[in-house]
Amino acid sequence: MSIEQLAETAQAMVARGKGIIAIDESTATIAKRFAGVGVENTEESRRAYREMLLTTPKLGDYISGAILYDETIRQATKVGVPFTKVMMQNGVIPGIKVDKGTQPLAGFQGELVTEGLDGLRDRLKEYYGLGARFAKWRAVINIGEDIPSGTCIEANSHALARYAALCQEQGLVPMVEPEVLMDGDHDIGTCYEVTEVVLRSLFDALYQQNVMLEGTILKASMVVSGKDSDEQASVEEVAESTLMCLKTAVPAILPGIVFLSGGQSDEDATAHLDAMNRMGPNPWPLSFSYGRAMQSAALKIWAQDTAANVAKAQAVVYERAKDNGLAALGQWVRGRA
Ligand code: 13P
């Protein structure tokens, strides 16, 4: 696979006014989301839910790609059209989550390391054959008393870089995701410091593993106040801090940065992205790769009647995609919907 092809895919993932929908919840995570709205978690309910999302009419107007889970990339619509085919017909690039989740980091209380490198080359080969053109790996960094440790950051960066190099070898664009969690009562300054160290460590590791940044996408967490902090930063503060942190630690050659929503409200996730783009021009396109902030409103409606509410839920998916697509241009109008 040439770097030109990887770069082309990466650029298409962050095409103007478009972003990504993350629907790569593991079976355990989707179980939690379904339990919250009273939907039974079966292979068929997961399939039907993902069919509703992926067959949203005109999804490709604002969505460039979707991240799938191992089970989902093998599934098809009720009438038997593979999801990857539906996506490609709508101009939505198939992506795949390839990490195997987090485990406690031995010897480091409260810290996690992401696993999944064993056998990854063969899995990537298979996913490419199934139609995937990009792959996501999520590392999780916790903020707390005396954490994160340098060891935790380095272990996660090393794994991200190893996975990214394997992806490029197999023709998939790596979407590297070092998520600094919002959990805790820390202030936004602490989140800034941790995020900067994490990003510097990641780009150092990518350099050491010969990862070509022209064919890589960063999935970043925003610089925000801890969820339980008494002082919540304003939209402008979040946008300014996030931009400054990214500008200091992320090379300009990267084709684009997409954000996770991480537990922010739908409105906050959109407002923050919009504010950052209004503050541009920025060195890279800044867009979204939201899971919860793209899905939660639609999931609630779908859950009320999974047979009758498909079109209603899809209308909400489209609205969220449109709002976030406009925010990726700095053109979102609050309260328009
Ligand atoms: P959230 O937007 O719900 O944080 O999910 C994005 C994601 O893919 C996390 O890995």
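Since the model is a prediction, treat every value here as computed from it, not as a measurement. Just so you know, ligand 1 is whichever comes first in the structure, and atom 1 is the first atom listed for that ligand.
Cation-pi contact between Arg320 and Tyr290: absent, since separation from the ring centre below 6.0 Å together with deviation from the ring axis within 45° is not met.
Gln75 and Glu51 share no donor-acceptor pair across their side chains, judged by distance under 3.5 Å alone. Side-chain polar atoms of Glu111 and Ser149 form a donor-acceptor pair below 3.5 angstrom. Counted by atom type alone, Ser2 and Gln5 present one or more donor-acceptor pairs between their side chains at under 3.5 Å.
Under 4.0 Å from any atom of ligand 1, one finds heavy atoms of residues Ala22, Asp24, Lys136, Arg138, Glu177, Lys219, Leu260, Ser261, Gly262, Ser289, Tyr290, Gly291, Arg292.
Salt bridge absent: Lys322 and Asp61 never bring a charged side-chain N and a carboxylate O closer than 4.0 Å.
Not counting sequence neighbours, the partners of Tyr318 by the ring pair (Phe, Tyr, Trp, His ring centres under 6.0 Å) test are Tyr62.
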